[in-house]
Amino acid sequence: MPELPEVETTCRGISPFTLGYSIESIIIRQPKLRWPVNPELGAILSGQTIINVKRRAKYLLLQMPIGDLMIHLGMSGSLSIVEEQTVGKHDHLDICLSNGKIIRFNDPRRFGSVIFNQQGDSHPLLIKLGIEPLTDEFDGNYLHHQAIGKNTPIKSFIMNNHIVVGVGNIYAQESLFLSGIHPKRAAGKVSLVRMKHLVQIIKQVLAEAIEAGGSSLKDFTGADGKPGYFQQKLHVYGRQTKNCLKCHKPLKQVVISQRSTVYCAQCQR
DNA sequence: ATCGGGACCTGCTTGC
DNA sequence: TGCAAGCAGGTCCCGA
């Protein structure tokens with residue numbers, strides 16, 4: 001379940017094996033992903049050199065002179081670097097490189113996507129995205145300003161990609177617990193001071209997860225290590241049957257925007 | 001304009 | 001035991 005830290009870790013992990021090499025071919029075994037994979041992808045991109053590998057929100061961008069290959073991991077996708085051709089279940093797509101390595105896209109639930117983008121930041125899937133959480137632009141003033149008049153729960157608000165990208169269900173829950181804000185509180189009713197605190201926590205939690213992911217990542221050629229967030233101490237996510245780590249009272253679970261949400265009624269107001 | 005909910009998909013867990 | 005329902009998760013899109 002890739003959250004932003006895992007996408008960032010993947011980005012850093014594949015870089016050494018891809019940067020500066022060219023695409024020789026693309027094998028599409030299953031084109032039915034979130035968006036249909038263009039059957040001409042291989043023809044369009046063969047011979048193209050990968051000149052940059054970056055992340056925007058939860059998209060991985062393999063940048064080439066004629067455009068970017070945008071990869072989204074959805075909820076169950078992953079990339080690995082392999083050399084052999086033996087394919088496993090859900091290995092939907094291979095990007096074969098000039099160095100003999102293969103970037104393999106595996107995604108059991110097929111919520112991910114592989115799209116060729118020649119429009120840069122103005123691509124329809126990118127144009128409406130909010131700011132990156134780990135930039136200076138994302139601060140308490142920004143979040144507070146965006147929340148003016150909004151009745152939507154603060155949890156839904158920080159998970160809204162139009163406001164800030166990359167805060168998924170796990171980190172929304174964790175961040176709200178650590179900043180002591182009730183997940184159902186109306187976004188417009190969170191004070192500036194608390195918004196500043198929340199922003200600081202979000203940055204910290206994401207950065208720690210990236211660090212954990214990075215340190216667990218050896219060579220990216222196998223399924224080594226778990227996603228960064230499983231190496232972190234999770235305070236509320238998945239702990240609905242347990243007690244609060246701060247006050248030791250039982251945690252509560254509710255559904256907000258169809259998403260399971262665990263919180264402490266005592267510590268979060 | 002704002003917000004909630006449906007849809008997409010598979011695998012693991014839980015319950016009858 | 002076997003099968004079905006429930007749930008997880010990201011994000012686009014539509015309807016109220």
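Chain letters run A, B, ... following the sequence lines, proteins first and then strands; every chain starts at 1. Only a predicted model underlies this, so the values are computations on that prediction, with no experimental measurement involved. These numbers come from the heavy atoms of this one structure, side chains and all, not from hydrogens, waters or symmetry mates.
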* Asked: With sugar-phosphate meaning primed atoms plus P, OP1 and OP2, does A:Leu73 contact a base, only sugar-phosphate, or nothing at under 4.0 Å between heavy atoms?
  -> nothing
* **A:Lys150 side chain, from C-beta outward: closest of C:dA8, B:dT2, B:dG4** => B:dT2
* Asked: Taking 4.0 angstrom as the limit, do A:Lys58 and A:Glu6 come out as a salt bridge?
  -> no
* Do the side chain of A:Ser179 and the main chain of A:Ser175 share a donor and acceptor less than 3.5 angstrom apart? -> yes
* Using a cut-off of 4.0 Å on non-hydrogen atoms, how would the nucleic acid contact of A:Lys58 be classed: base, sugar-phosphate, or nothing? -> sugar-phosphate
* Closest nucleotide among C:dT11, B:dT10, C:dA8 to the A:Tyr237 side chain -> C:dA8
* NA contact type, A:Ser260, heavy-atom cut-off 4.0 Å: base, sugar-phosphate, or nothing? -> sugar-phosphate
* **SB check A:Arg56 A:Asp121 (cutoff 4.0 Å)** => no
* Asked: With sugar-phosphate meaning primed atoms plus P, OP1 and OP2, does A:Lys89 contact a base, only sugar-phosphate, or nothing at under 4.0 Å between heavy atoms?
  -> sugar-phosphate
* Is A:Phe111 stacked on the base of B:dC8 when the test is centres under 5.5 angstrom and planes under 30 degrees? -> yes
* Can you check the A:Met159 CE to C:dT11 P distance for me, whole Å? -> 9 Å
* Asked: Could you give the CH2-to-C1' distance, from A:Trp35 to B:dC8, as a whole number of Å?
  -> 10 Å
* Asked: Only one of A:Leu61, A:Thr10, A:Leu62 clears side-chain contact (heavy atoms from CB on, under 4.5 Å) with A:Val53; which?
  -> A:Leu62
* To do: Check every strand shown and say whether A:Tyr59 touches a base, only sugar-phosphate, or nothing at a heavy-atom separation below 4.0 Å.
  => sugar-phosphate
* Does any N or O donor sit under 3.5 Å from an N or O acceptor when you compare the side chain of A:Arg110 with the base of B:dT10? -> no
* If you look at every strand shown and take non-hydrogen atoms under 4.0 Å, does A:Asp107 touch a base, only sugar-phosphate, or nothing? -> nothing
